[in-house]
Amino acid sequence: MNFSRFHVLALLLVLASGATSCRRTITAEERAARTEVRTALRERAFTRALPPARRVLQFAPNDNGAWARLAQAQFGLRDLAGLRETLEKWRRAVRRTSPKYDEYRGDLALAEGRPDEALIAWGKAVTGKNRLARIHLKIARLEQSAGRWERAALAWTRGMQPRASSRALVNRALCYQHLHSWEAARADLQRAGQLDPEDPLVRRETAHFDRLGKFLDEVRKLDKELIASPNDVGLLTDRALLFLRADGAALALDDARKAADLAPGAVRPQLFLALAAQALGHPLAPGKSPVLGPLRLETLSPDFLQAISRLDVQILAEPASADLRTNRAWQLNEIGQPQLALADTEKAIQADPKSAGARAETSYALAKLQRDPEAYEEIKRATELDANFSTAWQYRGELEMGREDYSAAIDSLSHALAINQTPAALAKREECYRKIGLLVKAEDDRKALQQFDAVP
C-alpha cells in the first residue's frame with residue numbers, strides 16, 4: 001500500500017513538472033505590446049491598436065485573447081473585410097475558439113445585413129456557461145427591431161443579469177406593451193424612473209404610457225375578446241383605433257397590419273396602417289399602399305368611421321355587390337382617397353357594367369388623380385347610362401368648364417337643373433353664360449340663385 005502511494009505521488013510530481021515546463025514565457029517585448037493594445041482599445045483608439053495587436057499575434061498565434069483584440073480594433077474601424085479575414089485565420093489557428101469569436105462573427109453578419117446569421121452566432125456565444133450580458137443585449141435589440149417581442153423580452157431579462165439599466169428596462173417595457181402585459185410594462189417603467197428619472201427616453205416612454213393608461217380599460221376589454229377570437233378583423237381594427245387615439249402608433253401598427261393581412265379588401269385597416277406608419281415617421285411607400293397621405297385621424301369623422309366599418313363588414317360578406325362598393329367609393333372620394341375609391345369602382349363595374357353610380361365615382365377619383373381625359377369619359381358614360389342622374393350631369397358640366405367648353409357645360413348643367421335645381425348648378429351655369437356673353441341668361445340665373453338664398 002505504501003509502495004503504491006509513493007508511485008502515485010511521484011507520478012503527480014512528474015505531471016506538475018511537465019505542465020510547468022510547457023508554460024510559455026512572455027518576453028518584455030510581448031508584454032509591452034499587450035499593454036499598448038489594451039490601452040489603445042480602452043481609449044477607443046482603434047487605428048493605434050492595430051500594430052500592437054498584430055505584434056501580439058506574432059508572439060501568440062494560438063491565443064484567443066490576442067485574436068479578439070485584433071477583431072475588436074478592426075470592428076471599431078468598420079474594417080469589415082479585415083475582420084472577415086481575421087475570423088477565418090482565428091478559426092484555423094485556435095482549436096477551441098472563445099465566445100468572443102462567435103460574438104464578432106455575429107457583429108460582422110449584422111454589419112453586412114445578415115441579421116438571422118447574427119442571431120445564430122450570438123446564440124452560440126451565450127450557450128452553456130457563457131452567459132455574457134452584453135451579447136444578450138445585442139440579441140434583445142435585434143429581436144426587438146424585428147418585432148419578435150416575446151424573444152426580445154426574454155433577451156432583455158437575461159441581459160439585465162446581474163444588474164438592470166434604465167434603458168434596458170424601458171425597452172423591455174416596450175416589448176411587454178406589444179405583448180399586452182400592461183402591469184409588467186408599468187412596473188418596468190416605474191423602476192426605470194427610479195434608476196434614472198432624468199433620462200429623456202425614460203421620461204418620454206413614461207409619458208406615452210400615461211396617455212395610453214386613459215384607454216387601458218377599453219383596450220383590456222378588447223384584449224379579452226381577441227383571446228377568444230384572435231382573427232376578428234373588426235376587433236383588431238377597433239383596438240388599432242384606440243391605440244391611435246392614445247398616441248400608441250407602434251401598437252396600432254401591430255393590429256392594423258394583422259387586420260389588413262386577414263382582410264385585404266377591408267379599407268379601415270389600410271387607413272389605420274397608413275396613419276400608424278406615418279405617425280412613426282416612416283410612411284408606407286406609394287407602391288405598397290393605396291392610401292394617399294398625409295392623412296390625419298382628426299379628419300376621419302365618427303360618422304365616416306362608422307360607415308366604413310359597416311361597409312367593410314358588408315363587402316366582406318358580399319364582395320360582388322356593386323352598390324356596396326359604389327357607396328364605399330363615395331365615402332373614400334369624400335375624404336380624398338381616390339386610389340382606394342378606384343379599387344372599389346373597378347370591382348363594382350366588373351359586377352355591374354351598367355352602374356352609373358360606379359362610373360360617376362370613378363370619374364371623381366380620376367379627376368382627383370389629375371387624369372382629366374379619363375374622368376370626362378367616365379362621367380359621360382354615367383350620364384348615358386342614367387339620363388336622370390342629376391349629380392352626374394352637374395359634374396359633367398364642371399369638367400366641361402375645366403375644358404373651357406362652355407356651351408357643352410351649359411347643356412349639361414341645364415340637364416342637371418331640369419332634374420333637380422341646386423344653388424351650385426345655378427351658380428356654375430351663370431358663370432358659363434357670362435363666359436360666352438349671354439348676359440341676360442346669366443342675370444336670370446343670378447336672380448334664381450338669390451331666391452334660393454332668400455329661402456329661410
Side-chain angles (χ1 to χ4, degrees), residues 115-116 119 140-153 171-182 185 205 208-209 211-212 215-216 218-300 304-305 308-313 315-316 319 328 332 335 337 339-341 343-344:
D116 291 342
L119 285 172
R141 292 186 193 98
L142 192 49
E143 295 284 22
Q144 184 167 336
S145 68
R148 293 187 282 263
W149 311 114
E150 192 167 352
R151 288 158 66 172
N171 277 291
R172 189 172 66 175
L174 292 173
C175 296
Y176 283 148
Q177 288 178 53
H178 284 278
L179 294 168
H180 294 203
S181 297
W182 307 115
E205 294 305 327
H208 280 168
F209 192 81
R211 284 195 290 275
L212 177 61
F215 295 83
L216 272 184
E218 295 175 85
V219 168
R220 284 190 178 99
K221 289 178 184 177
L222 290 170
D223 286 348
K224 289 179 181 178
E225 292 181 62
L226 279 161
I227 289 172
S229 304
N231 294 328
D232 188 305
V233 173
L235 292 175
L236 284 166
T237 315
D238 287 344
R239 194 168 64 181
L241 178 57
L242 281 178
F243 287 138
L244 285 171
R245 288 173 173 162
D247 196 21
L251 300 173
L253 193 71
D254 290 347
D255 284 344
R257 181 178 285 138
K258 183 175 180 181
D261 289 342
L262 288 168
V267 163
R268 206 164 55 124
Q270 294 186 61
L271 293 173
F272 294 169
L273 183 59
L275 280 165
Q278 181 180 292
L280 292 169
H282 46 78
L284 301 174
K288 293 185 177 180
S289 172
V291 179
L292 297 182
L295 186 65
R296 290 186 302 124
L297 183 60
E298 299 77 29
T299 64
L300 306 180
F304 166 80
L305 291 173
I308 284 294
S309 178
R310 184 188 70 252
L311 287 165
D312 278 351
V313 172
I315 289 170
L316 283 172
R328 192 167 68 176
L332 293 165
I335 65 161
Q337 291 298 326
Q339 290 191 159
L340 283 170
D344 269 341

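Just so we're clear, the structure is a prediction, and the values are computed from it rather than from any experiment.
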Task: Pairs satisfying salt bridge (Lys or Arg N to Asp or Glu O under 4.0 Å), at least one member in residues 258-274, at least two apart - done: D238-R268

Task: Non-hydrogen atoms of R211 and A246 that approach each other most closely - done: CB-O, 4.0 Å

Task: Q270 side-chain N/O to P264 backbone N/O, donor-acceptor pair under 3.5 Å - done: yes

Donor-acceptor pairs under 3.5 angstrom involving side-chain atoms of residues 290-299: please list them, not counting sequence neighbours.
from, atom 1, to, atom 2, distance (Å)
T299, OG1, R296, O, 2.6

Task: Heavy-atom closest pair, residues Q177 and A185 - done: CG-CB, 3.7 Å

Open item on the list: Test side-chain contact (heavy atoms from CB on, under 4.5 Å) on L340 and L271; report intermediate values, then the result.
Closed with: CA-CA 10 Å; L340 283 170; L271 293 173; 3.9 Å; yes

Open item on the list: For D232 versus L235, what's the shortest heavy-atom pair and its separation?
Closed with: OD1-N, 3.0 Å

Task: Interatomic distance, F209 atom CZ to L212 atom CG [nearest 0.5 angstrom] - done: 6.0 Å

Task: Any residue meeting side-chain hydrogen bond (donor to acceptor under 3.5 Å, both in side chains) with R220, in chain and number order, not counting sequence neighbours - done: E183

- [ ] Give, for atom CG of L305 and atom CG of L300, the distance between the pair rounded to the nearest 0.5 Å.
- [x] 5.5 Å

Task: Heavy-atom closest contact (L332 atom, A341 atom, distance) - done: CD1-N, 3.9 Å

Task: Distance (rounded to the nearest 0.5 Å) between I315 CD1 and R310 CZ - done: 10.0 Å

Open item on the list: Checking D344 now: which residues fulfil side-chain hydrogen bond (donor to acceptor under 3.5 Å, both in side chains) with it, not counting sequence neighbours?
Closed with: R325, R328

- [ ] Apply side-chain contact (heavy atoms from CB on, under 4.5 Å) to the pair V313 and L316, showing each step before the final yes or no.
- [x] CA-CA 5 Å; V313 172; L316 283 172; 5.7 Å; no

Task: Distance-minimising heavy-atom pair for V233 and A263 - done: CG2-CB, 3.8 Å

Task: For P269 against A260, the heavy-atom pair lying closest together - done: CB-N, 3.7 Å

Task: All ring-ring contact (aromatic ring centres under 6.0 Å, His included) counterparts of F243, not counting sequence neighbours - done: H180

Open item on the list: Rounded to the nearest 0.5 Å, what separates atom CD in Q339 from atom CD in Q337?
Closed with: 8.0 Å

- [ ] List in chain and number order the residues that pass side-chain hydrogen bond (donor to acceptor under 3.5 Å, both in side chains) with W182, two or more places apart in sequence or in another chain; answer none if no residue qualifies.
- [x] D223

Open item on the list: Nearest 0.5 Å, please: how far is CG in L222 from CZ in F215?
Closed with: 12.5 Å

Task: Heavy atoms of other groups near R245 CZ, more than 12 under 6.0 Å - done: no

- [ ] Kindly compute the distance separating CD (E225) from CG (L236), expressed to the nearest 0.5 Å.
- [x] 11.0 Å

